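These notes are about the structure you will find just below.
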Amino acid sequence: MRQKIILGNWKMNGSRALLASLLPPLLRESFGSARVGVCPPVAYLGQVAAIIEGSSLELGAQNVNEHDKGAYTGETSVSMLKELGCRYVLVGHSERRQYFGETDAIVAEKFAIIRRSGLIPVLCIGETQEERDQDQTDQVVFRQIDAVQAHIGSDAFANAIIAYEPVWAIGTGKTATPAQAQDVHQLIRRHIAETAAGDAESLPLLYGGSMKAANAAELLAMADIDGGLVGGASLDSREFIDICRAAA
Ligand code: 13P
């Protein structure tokens, strides 16, 4: 049995007031064997780390630079994220691919440095509506996975997480049906089993895209859906707690 994992991706949202209203109710809960983490903006990582210290709540970052250190104004390194207490780093989110020009090659470099540092990369993959309409979903997600394996090797996903986030479901309120999500998760797991070294059965596969309290339980009940990467609904403590309860 794979452990369920729920991660909240706050994106570029939040404030000190949000930390104060969102985190204490979350800290009062316990979610059984499920792991729960939050990925706030880098500006709040230190404060969130201090608030959740000693609890089972985990911390993740939304992005990192692909270099160790140096003259890269405005960027954050893996060693900084480690010092701040992060465990996870999202990489290849469709918003980074779309708005910040992150190619499969850059994503692979970021994935590599995250992995080398001992942090856990959460590789985000997924197709656009147009790609789905043209029956290219498998091709797109396999290409995104293969780019990482080509750069790192066939054991790339040994201590990693993959998040399937169909672009058409992100922030749109349009969730993939449990069957649609399960189909792609199963394809991804098969592809990893066929192409990667290591154990595809133990690889956590999260679903992301308009996950909320009302649809979490049915998505999480699917055989190959091991958790969620939650955007909008992670900014509302009631909603987020209910999603985490569905994973417990
Ligand atoms: P929403 O839950 O807001 O659709 O966002 C999903 C997402 O992009 C998580 O990384």
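All residue numbers refer to positions in the sequence shown, counting from 1. We count ligands from 1, going down the list as the structure has it; atoms in each ligand are counted the same way. From a predicted model like this one, the values you see are computed outputs, not experimental measurements.
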With atoms numbered from 1 as shown, which atoms in ligand 1 lie under 4.0 angstrom from a non-hydrogen atom of [X]?
X: A169; result: 4 (O)
X: S210; result: 1 (P), 2 (O), 4 (O)
X: L229; result: 9 (C), 10 (O)
X: N9; result: 9 (C), 10 (O)
X: G171; result: 1 (P), 3 (O), 4 (O)
X: G209; result: 4 (O), 6 (C)

Residue, atom name and distance, where the atom is the protein heavy atom closest to atom 3 (O) of ligand 1: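 Among all protein heavy atoms, the one nearest atom 3 (O) of ligand 1 is G232 N, 2.8 Å.
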
Atom 2 (O) of ligand 1: nearest protein contact (heavy atom, Å):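 Result for atom 2 (O) of ligand 1: G231 N, 2.9 Å.
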
Criterion side-chain contact (heavy atoms from CB on, under 4.5 Å) on F157 and I152, from CA distance to verdict: CA-CA 9 Å; F157 296 104; I152 297 169; over 6 Å; no

Common cluster, I192/I225, ILVMFWY with side-chain heavy-atom separation under 4.5 Å: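 In one cluster with I192: I225, yes.
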
Donor on one side chain, acceptor on other, T175 and N215, under 3.5 Å: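 Note: T175 and N215 side chains meet the donor-acceptor criterion.
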
Aromatic plane relationship, H185 with Y164 - under 30° parallel, 30 to 60° tilted, over 60° perpendicular: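 Y164 and H185: perpendicular rings.
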
Exceeds 12 heavy-atom contacts within 6.0 angstrom, atom CD of Q134: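 Buried by this count: over 12 neighbours within 6.0 Å.
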
D104 with R97: basic N within carboxylate O range, under 4.0 Å: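 Here D104 pairs with R97 in a salt bridge, since their nearest N and O are under 4.0 Å apart.
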
side-chain hydrogen bond (donor to acceptor under 3.5 Å, both in side chains), paired with D224, selected from R190, Q186, R189: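 Of the listed residues R190, Q186, R189, the side-chain hydrogen bond (donor to acceptor under 3.5 Å, both in side chains) partner of D224 is R189.
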
Option nearest atom 10 (O) of ligand 1 (shortest heavy-atom distance, choices K174, K11, E95, E165):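 Minimum heavy-atom distance to atom 10 (O) of ligand 1 goes to E165.
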
